[in-house]
Amino acid sequence: MPGNIFEVALGHQSLFVERAIFDARHTPNNLPHREAQIEAMVLNLVDALRGHIPSNMILYGATGSGKTAVSRHVLNQLSEQAAELDRRVHPHEVNCRHVNTRYRILQSIATSLELHGDQSIPFTGWPADRVLKEMLDRMERSGGVHVIVLDEVDLLTGPSGDSLLYDLTSLNTLLNQSRCSLIGISNDLHFVERLPASVRSRLAHEDIVFDPYDSGQIHDILSQRASDGLQKNVLDQGVLRLCSALAAQEHGDARRALELLKASVQKAEHDSSKTVTVAHMRAAQHQLEFDQIGATIRTLPLHQKLVLLAVLINEANGLKAVSTGLVCETYRQATKHMRLEPLTNRRISTLLNDLDQIGLVTARNVSLGRGGRTKLVVSRIPVGINAVKVMVSAEPLLEDAAEARYRLQESL
DNA sequence: TGTCCACTGGAAGGGAGGGCTT
DNA sequence: AAGCCCTCCCTTCCAGTGGACA
C-alpha cells in the first residue's frame, strides 16, 4: 500500500539547518570585512540619537559588495538603540529598481508612515506635489529623525529623478518637528556627476566606498553562513574555495556566491546525497545561469524579443557581429511575417542598447568609414541555452517567424 | 583634407491607459 | 462625465560622429 507522497520527502534529512540564512533578504549580525564602512556609517548616524541631523551619504560599490546588507544592519542597530533611549528614528528603505518614479517613491515613504484614519494614497492619480505635502505632514506628525535609504539610486534618471532628489534633499528646510537624512546606494561611481549641481552638493556629503570582495573574503563570508545555516561537515573539500573563486571572478559578488552555494546544496539534496560536491556546484552554476537568462528572455516585450531574434538569426547564419542596419532589416522581415507594424530604426537602436544593458548582447559602436557609423551587435547568450526556443515557449506567435527565417536563410 | 556614409543619441512631443477629483 | 495627472512607449527631427576614401 503506497504511503502519502510527501512522506518520503519529509523523511529525508535536510542538509540545511536554517535555509533563510542564504536568502537575499537575510541580514546577518556579523558582516566580515565591512568594519570600516560600518564604522563610517555609525559615526554619522549617531547624530540621529543626539537629536541632530546626520549628513546625507552615498554608499558606492559593485553588486554584491554588501552595501544593502550593511545599511540594513546599521539601521536595525540604530532603531534598536533609539528604542532603548526613547528616541524616535524612522528608517524608510526604497528600492529604486522596483519603485522608480518621483510619485511612487514619495507615495511609498508616505504610506510607510500611514496611521489609522489616514487617507491612503493611490498608486497614481494625485498630483505629485500633493503626495509630497502628505508625506511632509506625516513626517512632521511622527517627529524624530527619518532616515530614507534609496537603494539603486543611480537608476533614478531624468528630470523626474532629479526633481525627486531635489525634493528629498530639501526636506529639512520644510520640516519643523522632525529631521531627515538621506542614504543613497549606488552601483555607479559616476552617478553623482550626472546630477544637477543643486542636488549634488546636498546629497553627497559623505561617500562610503565598498570595494569588491576578493576570493579570500568571500570564502570567509561563505564559511560563516555555512556554519550557521548548514549541517556539520556536509561540504566537500574544495566546494567553498571554488565557489569563492567563481564569485571573485564575477567582480566579487558575494550575493551571487551565496546563491550558488544554496543552489549547490539543493542539488545535493535532490540527489539524496549526504555531502555537497564540486559536481553539484558545477550543475548548480549551469542551472542558475539558465534560470537567470531564461527568465530575462521570457519577460522581454514582444518587439524586443523580435530584435533579439533578428540578432540570433543572423548569427545562426554565420555572421559574428551584426550591424544595426542588418538587425533592422531582419526584424522588419519578421514583423512582416507576423503581420505586425514594425518599430522605427531609432526605437530599435534604443532596444539594442537596452539588450546590451541587461547583458543579452554586446552592442559596440564602430565607424566603418564610408560604410558609415553603426553598432556591431554580438549575442552574449551562452551556447548551451537555446534562446529561440525560450522565446517561442513564452511567445508562441514567434514560432512561425523564427522558422520561416531559418528556412529562408537555409535556402540562400 | 574634405567628403560622405550610416548611423547615434538627445530633445520634444504625441497618445494610450490607468486612476483620481470635481 | 469631464478634466486632470502621471507613466510608458513610441515617433519625429536633427545635429553630431568616426574613419575610409577620393
Side-chain angles (χ1 to χ4, degrees), chain A residues 94-111 114 118-138 150 152-168 188 190-191 193-196 296 299-311 314 319-336 338-358 360-378 395 397:
Chain A
V94 181
N95 187 308
C96 305
R97 178 177 297 275
H98 306 124
V99 184
N100 54 6
T101 62
R102 177 177 180 236
Y103 183 97
R104 290 200 183 138
I105 289 172
L106 295 173
Q107 190 246 9
S108 156
I109 299 169
T111 300
E114 189 174 306
D118 279 343
Q119 186 184 8
S120 62
I121 305 171
F123 283 113
T124 171
W126 283 14
D129 287 343
R130 183 177 166 195
V131 184
L132 175 65
K133 187 176 174 302
E134 184 65 31
M135 185 189 83
L136 277 166
D137 287 348
R138 292 182 185 183
L150 297 175
E152 305 200 61
V153 67
D154 46 314
L155 297 180
L156 288 180
T157 50
S160 162
D162 293 348
S163 158
L164 171 85
L165 292 174
Y166 185 84
D167 291 339
L168 295 182
D188 177 2
H190 304 289
F191 147 74
E193 292 163 20
R194 296 196 302 264
L195 294 174
T296 312
T299 53
L300 294 175
L302 175 62
H303 284 276
Q304 200 151 19
K305 283 196 187 89
L306 280 166
V307 172
L308 180 61
L309 182 66
V311 175
N314 282 292
L319 285 176
K320 287 209 169 65
V322 195
S323 69
T324 309
L326 195 50
V327 173
C328 291
E329 182 50 37
T330 312
Y331 159 84
R332 256 192 301 277
Q333 288 186 34
T335 53
K336 196 174 161 193
M338 294 173 70
R339 298 204 175 87
L340 289 173
E341 261 316 294
L343 302 177
T344 57
N345 290 2
R346 173 69 189 86
R347 181 68 189 139
I348 292 172
S349 180
T350 302
L351 291 182
L352 281 172
N353 285 344
D354 292 348
L355 287 174
D356 179 291
Q357 195 98 65
I358 55 181
L360 291 177
V361 304
T362 302
R364 187 168 49 93
N365 286 338
V366 291
S367 175
L368 305 172
R370 286 224 159 163
R373 251 185 109 208
T374 185
K375 266 196 255 286
L376 286 182
V377 186
V378 183
E395 201 92 54
L397 272 175

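If you're wondering where the values come from, they're calculated on a predicted model, not measured in any experiment. In what follows, chains carry the letters A, B, and so on, assigned in the order in which the sequence lines appear, proteins first and then strands, with residues in each chain numbered from 1.
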(request) Specify the separation, in whole Å, of atom CD1 of Ile105(A) and atom C1' of dT7(C). (result) 13 Å
(message) Do Arg104(A) and Ser108(A) pair up side chain to side chain, a donor and an acceptor below 3.5 Å, judged on atom types alone?
(response) no
(message) Measuring from atom CZ of Arg130(A) to atom CD of Gln107(A), what distance do you get when rounded to the nearest 0.5 angstrom?
(response) 12.5 Å
(request) Figure out the CD/P separation between Gln107(A) and dT7(C), and round it to whole Å. (result) 11 Å
(message) Between P on dT7(C) and CG on Leu164(A), what's the gap in Å once rounded to a whole number?
(response) 10 Å
(request) Looking only at side-chain atoms of Arg370(A), point me to the closest of dG19(C), dT11(C), dG9(B). (result) dG19(C)
(message) Can you tell me which nucleotide in dG18(C), dC10(C), dT7(C) comes closest to the side chain of Ser367(A)?
(response) dG18(C)
(message) So, taking the atom named NZ in Lys305(A) and the one named CG in Leu397(A), what distance separates them when rounded to the nearest 0.5 Å?
(response) 10.0 Å
(message) As a test of reading the structure: which of dT11(C), dT8(B), dG9(B) is closest to the side chain of Leu343(A), going by heavy atoms?
(response) dT11(C)
(request) Quickly work out the Leu132(A) CG to dC5(C) C1' distance and round it to whole Å. (result) 15 Å
(request) Could you pick out which residue, Gly372(A) or Arg130(A), lies toward the 5' side of DNA chain B when each is mapped onto its nearest nucleotide? (result) Gly372(A)
(message) Counting only side-chain nitrogens and oxygens, does Lys375(A) get under 4.0 Å of the OP1 or OP2 atom of dA6(B)?
(response) no
(request) Calculate, to the nearest 0.5 Å, the distance between atoms CG and OG1 belonging to Asn345(A) and Thr324(A) respectively. (result) 9.0 Å
(message) At less than 3.5 Å, do the side-chain atoms of Arg373(A) and the base atoms of dG19(C) form a donor-acceptor pair?
(response) no
(message) What is the distance, to the nearest angstrom, from the CG atom on Leu351(A) to the C1' atom on dC10(C)?
(response) 10 Å
(request) Can you figure out which of dC6(C), dC7(B), dG9(B) approaches the side chain of Asn365(A) most closely? (result) dG9(B)
(message) I want to check one thing: is the phosphate of dT8(B), taken as OP1 and OP2, less than 4.0 Å away from some side-chain N or O of Ser349(A)?
(response) yes
(message) Using whole Å, what does the distance between atom C1' of nucleotide dG9(B) and atom CZ of Arg364(A) come to?
(response) 19 Å
(request) Check every strand shown and say whether Asn345(A) touches a base, only sugar-phosphate, or nothing at a heavy-atom separation below 4.0 Å. (result) nothing
(message) Looking at dC7(B), I'd like to know if its phosphate oxygens (OP1 or OP2) sit under 4.0 Å from a side-chain N or O belonging to Thr324(A).
(response) no
(request) May I have the distance from Arg346(A) (atom CZ) to dG16(C) (atom P), rounded to whole angstrom? (result) 16 Å
(message) Distance check needed: dC9(C) P versus Ile348(A) CD1, whole Å only.
(response) 16 Å
(message) Measuring from atom CG of Leu306(A) to atom CG of Leu343(A), what distance do you get when rounded to the nearest 0.5 angstrom?
(response) 9.0 Å
